[in-house]
There are 2 protein chains.
Amino acid sequence: MNFSRQRESIINILKLNYEHPTAYRIYELVKEIEPTISKSTVYRNLEQLVELGKVRKISTGGNFEHYDIVRDSHSHAICKCCGNIFDVNLDVEKIANFIKNQTEMSGCNEIIVMGICKDCEKEN
Amino acid sequence: MNFSRQRESIINILKLNYEHPTAYRIYELVKEIEPTISKSTVYRNLEQLVELGKVRKISTGGNFEHYDIVRDSHSHAICKCCGNIFDVNLDVEKIANFIKNQTEMSGCNEIIVMGICKDCEKEN
DNA sequence: CATAAATTCGTAATCATTCCTATTTTTAAT
DNA sequence: ATTAAAAATAGGAATGATTACGAATTTATG
């Protein structure tokens, strides 16, 4: 993988952003620094970075994929109602062992928890 | 919600199918029983059934949404490599409590575990 | 039966993502 | 510093799963 200014900008934006942005949001933010960047560059780089394990893709069940740069190991909780994504610390290792004994999975490195957030619960 | 023959067929197909089918696969299968059913009817009904809590939508990070009729309470493990979905039994209640104390989530009713399946591990 | 509400079918529209290609940038070797 | 090969980009077109729409049909209720 060669160096590219655009990719560095994408990574920098991801490092500054803790909001689990969508690809399009990342595109918008990078555009402020790198005005001529194209959407395809953003999508291609995100895909590559996910492949390399430097970025995680989070599917919420909504219409967009969200992205999160890998810092420490944490899991995600998603509100089914508003789609917000929260960080959670779960014992992934423990769950991985449990899974391994129970299914055809050889292990796991990511856990996504779906539920309702406190705000949405209040409103309904 | 009124009765509809088409919806009953969709539910029946889901009851018979343990493979976490996509909307399109469900459409194909229902079509064998109900040849004039339209894709929009399948999509609309799946959405309604998800809303009612009778069906669960499973986002794998791939291009399609998968569906699973709610029988017993179980969680899902997804292979990041092949996209296969496996059933798992996790202590959701315990995790829900853990989540509740740690985040803005009021609880959870579904856990998705991402990892690599044994077959894909062998191949790589 | 008659009416209103719900549902369906078929197709068109949407829109996030992927694909394509000519051009530019990066890398490594000479 | 040049050069050639490989990698990456910009921009726009294509894709394709899903959603939206409207006229026609079916269901529920009195």
Side-chain angles (χ1 to χ4, degrees), chain A residues 1-14 17 19-52 54-68 78 80-85, chain B residues 1-14 17 19-52 54-68 78 80-81 83 85:
Chain A
M1 174 177 272
N2 287 350
F3 170 84
S4 106
R5 208 180 59 245
Q6 290 87 337
R7 187 183 298 125
E8 290 306 307
S9 296
I10 292 169
I11 292 171
N12 284 333
I13 287 296
L14 284 168
N17 191 310
E19 311 277 298
H20 315 95
T22 63
Y24 194 83
R25 182 68 187 137
I26 295 165
Y27 168 65
E28 285 181 332
L29 291 168
V30 177
K31 202 144 197 191
E32 291 174 10
I33 299 164
E34 200 68 52
T36 67
I37 201 168
S38 71
K39 260 183 288 182
S40 56
T41 299
V42 174
Y43 278 98
R44 181 170 17 78
N45 276 296
L46 287 173
E47 192 185 328
Q48 287 173 342
L49 292 166
V50 168
E51 199 61 35
L52 283 172
K54 290 182 187 273
V55 167
R56 276 159 66 184
K57 180 158 100 167
I58 311 168
S59 299
T60 64
N63 299 318
F64 321 99
E65 301 291 344
H66 294 250
Y67 295 88
D68 195 17
I78 298 167
K80 285 183 182 185
C81 182
C82 65
N84 271 2
I85 304 172
Chain B
M1 174 176 276
N2 286 351
F3 170 84
S4 106
R5 209 181 58 244
Q6 291 87 335
R7 186 184 298 125
E8 290 307 307
S9 296
I10 291 168
I11 292 170
N12 284 332
I13 288 295
L14 283 168
N17 191 310
E19 312 277 299
H20 316 94
T22 62
Y24 194 83
R25 182 69 186 135
I26 294 164
Y27 168 65
E28 285 182 332
L29 291 168
V30 177
K31 203 146 195 188
E32 292 175 10
I33 299 163
E34 200 67 53
T36 66
I37 201 168
S38 73
K39 261 184 286 183
S40 57
T41 300
V42 174
Y43 279 99
R44 181 171 16 79
N45 276 295
L46 287 173
E47 192 186 328
Q48 287 174 339
L49 292 166
V50 168
E51 199 60 35
L52 283 173
K54 291 184 187 270
V55 167
R56 275 158 65 185
K57 179 157 99 169
I58 311 168
S59 299
T60 64
N63 299 318
F64 321 99
E65 301 291 345
H66 293 251
Y67 295 88
D68 195 16
I78 298 167
K80 285 183 181 183
C81 183
I85 304 171

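Chain letters run A, B, ... following the sequence lines, proteins first, then strands; residues in each count from 1.
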**Message:** Can you give me the first and the last nucleotide of DNA chain D (5' to 3') that has an atom within less than 4.0 angstrom of a non-hydrogen atom in chain B?
**Reply:** dA17(D) to dA28(D)
**Prompt:** Is Asn2(B) near enough to dT8(C) that one of its side-chain N or O atoms lies under 4.0 angstrom from OP1 or OP2?
**Reply:** no
**Message:** Considering every strand and a 4.0 Å limit on heavy-atom distances, what is the contact class for Thr22(B): base, sugar-phosphate, or nothing?
**Reply:** nothing
**Prompt:** Quick one: Leu52(B) CG to dA6(C) P, roughly how many Å, whole number?
**Reply:** 14 Å
**Message:** Assuming nearest nucleotide by heavy-atom distance, tell me which of Glu65(B) and Arg5(B) is located more 5' along DNA chain D.
**Reply:** Glu65(B)
**Item:** Distance, rounded to the nearest Å, where Ile33(B) contributes CD1 and dT8(C) contributes C1'
**Value:** 17 Å
**Request:** Please report, rounded to the nearest Å, how far the C1' atom of dT18(C) is from the CG atom of Leu46(A).
**Result:** 13 Å
**Asked** Okay, side chain of His20(A), backbone of His66(A): is any donor-acceptor separation there less than 3.5 Å?
**Response** no
**Asked** So, for Ile33(A) and Pro35(A), which heavy atoms are closest and what is the spacing to 0.1 Å?
**Response** O-CD, 3.4 Å
**Asked** Does Ser4(B) put a side-chain nitrogen or oxygen below 4.0 Å from OP1 or OP2 of dT8(C)?
**Response** yes
**Message:** Both Tyr67(B) and Met1(B) contact DNA chain D. Taking the nearest nucleotide for each, which residue is further toward the 5' end?
**Reply:** Tyr67(B)
**Asked** Within the distance-only criterion (no hydrogens, no angle test), does the side chain of Lys31(B) pair as donor or acceptor with the backbone N or O of Thr36(B) below 3.5 angstrom?
**Response** no
**Prompt:** Quick one: is Gln48(B) getting a side-chain N or O under 4.0 Å of the dA6(C) phosphate, OP1 or OP2?
**Reply:** no
**Prompt:** Tyr27(A) has an atom OH; how far is it from atom C1' of dT17(C), in whole Å?
**Reply:** 14 Å
**Prompt:** What is the distance, rounded to the nearest whole Å, between atom CZ of Phe3(A) and atom P of dT25(C)?
**Reply:** 13 Å
**Asked** Judged by atom type as modelled, is there a donor-acceptor pair below 3.5 Å linking the side chain of Thr60(A) to the main-chain atoms of Gly62(A)?
**Response** yes
**Message:** Can you tell me which nucleotide in dT27(C), dG10(C), dT8(C) comes closest to the side chain of Arg7(B)?
**Reply:** dT8(C)
**Request:** Whole angstrom is fine here: how far is it from NZ in Lys39(B) over to P in dA13(C)?
**Result:** 15 Å
**Request:** Indicate whether any N or O donor in one side chain lies under 3.5 Å from an N or O acceptor in the other, for Thr41(A) and Gln6(A).
**Result:** no
**Request:** Please state how far atom CD in Glu47(A) lies from atom P in dA16(C), giving the value in whole angstrom units.
**Result:** 18 Å
**Asked** For Tyr43(A) and dT18(C), is the shortest distance between a side-chain N/O and OP1 or OP2 below 4.0 Å?
**Response** no
**Fill in**
From CG of Asn63(A) across to P of dA16(C) the rounded distance in Å is 8 Å
**Side-chain donor/acceptor of Arg7(B) to backbone N/O of Asn2(B), under 3.5 Å** = yes
**Request:** Please report the shortest heavy-atom distance between Ser38(B) and Tyr27(B), naming the atom on each side.
**Result:** C-CE1, 3.8 Å
